[in-house]
Amino acid sequence: MGEWWSRDIVDAGKLPLLLALVAFLVTFLVTRTVTRLIRAGHGPFRNVESAGGVHIHHVVPGVVLMMIGGFGAMTTAREQEIAPVLAVLFGVGAGLVLDEFALIVYLSDVYWTENGRKSVEAVVLTAALLGLLLLGYAPFGTEELTQEQRENRAELFSVVGVNVLCAAVALVKGRFVLAVLGVLVPFLALFAALRLARPESPWARRVYRRRPRALERARRRAARHDARWGALTRRLQNALGGRPSA
């Protein structure tokens, strides 16, 4: 364990990233616990309001902490001693911001609505990406290239270009999660790019417009997928973020 910590975390320069990830997850879990207690009317916690009666969402201090952590890291890049502190500040800020990600998307207080599930999805996806980075994955599969291949610009650009194209196609096909994760795991982007598009995606609206059979197959496959995994996904979202209001 000690050897792994020294070799893969400290010596690899990933300690700030690990601290940011831990701070991010802990902040999200604590914040959701507090907001659920406020919603249920339990405990000493109450919503924060300004002198004018305006409800202060925790995305506000989250943005401030992210700015301190981010700009602080850029201005003190050579001071390694302060990097862990700035990483924790950034992780805490990111946890507060993404906990209200849905409010930013919809520009409305949808925290306890069905649309509010977007916040939980954003947190889970971000945690997965950071976890993959900690495990050594590099964007667009470049970690699999040798040093000689990296120095060969034509080969490097071709590998990155193909992976970017697969991720872009997956995104247009409505496979958002696989497209984002595919930035670090190219196989996932390739898999999503080769599959049928989601029926509500831009790809389906444009490409399947003259292919009714393909559109019907996409609808059937999406219905089967949602029936199989939709209930499980909702239960996990409810466990992490709380059940939406009726």
Side-chain angles (χ1 to χ4, degrees), residues 8 12-14 17-18 20-21 24-25 70 94 97-98 101-102 104-106 115 117-230 232-234 236-237 240:
D8 296 338
K14 294 181 179 179
L17 179 60
L18 176 61
L21 174 58
F24 171 74
L25 292 175
V97 169
L98 289 190
F101 176 76
I104 301 173
V105 172
Y106 295 102
N115 289 334
R117 294 180 185 273
K118 296 293 184 184
S119 297
V120 180
E121 294 175 5
V123 167
V124 172
L125 186 57
T126 301
L129 287 173
L130 293 177
L132 289 172
L133 286 172
L134 279 173
L135 290 175
Y137 287 88
F140 306 116
T142 53
E143 82 281 352
E144 298 179 358
L145 299 177
T146 64
Q147 184 62 32
E148 183 180 350
Q149 289 174 320
R150 290 193 182 98
E151 293 174 355
N152 186 332
R153 292 188 177 182
E155 190 166 357
L156 176 62
F157 289 160
S158 62
V159 171
V160 173
V162 170
N163 291 331
V164 169
L165 179 61
C166 289
V169 172
L171 187 63
V172 176
K173 283 191 169 184
R175 308 287 180 179
F176 179 75
V177 174
L178 291 179
V180 174
L181 294 179
V183 171
L184 295 178
V185 187
F187 170 76
L188 295 178
L190 175 62
F191 173 74
L194 295 177
R195 286 174 60 85
L196 282 171
R198 294 283 301 183
E200 70 280 2
S201 67
W203 181 285
R205 290 197 299 269
R206 186 168 185 85
V207 178
Y208 296 165
R209 182 172 52 187
R210 298 181 180 180
R211 299 173 57 191
R213 292 184 179 179
L215 180 59
E216 184 59 31
R217 283 198 300 129
R219 287 172 176 166
R220 288 199 303 266
R221 179 170 294 181
R224 288 198 302 268
H225 177 274
D226 294 343
R228 179 181 301 174
W229 300 106
L232 176 60
T233 300
R234 292 172 70 86
L236 290 175
Q237 291 173 339
L240 288 173

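Nothing here was measured: the structure is a model prediction, and the numbers come from that model. For the single chain, residues carry numbers from 1 onward in sequence order.
Atom CZ of Arg220 has more than 12 heavy atoms from other residues, nucleotides or ligands within 6.0 Å.
Residues Leu98 and Ala122 share a closest heavy-atom pair of CD1-O, 4.2 Å. Of all heavy-atom pairs spanning Ser119 and Ala102, the tightest one is OG-N, 2.9 Å. The nearest pair of heavy atoms linking Leu184 to Leu132 is CD1-CB, 3.7 Å. Across Asn163 and Pro186, no two heavy atoms sit closer than the pair OD1-CB, 3.3 Å. When all heavy atoms are compared, the tightest approach of Ala218 to Pro199 is O-CD, 3.9 Å. Taking both residues in full, the closest heavy atoms of Ala170 and Ala189 are given as CB-O, 4.0 Å, listed atom of the first, atom of the second, then distance.
Residue pairs satisfying the side chain to side chain donor-acceptor pair (under 3.5 Å) criterion with at least one member in residues 208-219, sequence neighbours excluded, are absent.
One distance of note links CG of Leu135 with CG of Leu130; it measures 11.0 Å at 0.5 Å rounding. Taking OG1 of Thr126 as the reference point, atom CZ of Phe24 lies at 4.5 Å (rounded to 0.5 Å). Atom CG of Leu17 is separated from atom CG of Leu134 by 4.0 Å, given to the nearest 0.5 angstrom. Distance check: Gln237 CD to Leu232 CG gives 10.0 Å after rounding to the nearest 0.5 Å. Within the model, atoms CG of Leu190 and CG of Leu165 stand 10.0 Å from one another, a figure rounded to the nearest 0.5 Å.
In this view, Arg198 and Glu200, Asp226 satisfy the salt bridge (Lys or Arg N to Asp or Glu O under 4.0 Å) rule, not counting sequence neighbours. For Arg234, the salt bridge (Lys or Arg N to Asp or Glu O under 4.0 Å) test picks out Glu114, with sequence neighbours left out. For Val124, the side chain to side chain contact (heavy atoms under 4.5 Å, CB included) partners two or more places apart in sequence, or in a different chain, are Val120, Leu240. With sequence neighbours left out, the side chain to side chain contact (heavy atoms under 4.5 Å, CB included) criterion links Leu188 to Leu178, Leu181, Val185. Residues satisfying the side chain to side chain contact (heavy atoms under 4.5 Å, CB included) test with Arg205, not counting sequence neighbours, are Pro202.
Remark: the backbone N or O of Ala192 is not paired with any side-chain donor or acceptor of Lys173 at under 3.5 angstrom. One N or O on the side chain of Arg175 and one on the backbone of Leu196 form a donor-acceptor pair closer than 3.5 Å.
Side-chain contact between Lys118 and Val105 is absent, with no heavy atoms from C-beta onward closer than 4.5 Å.
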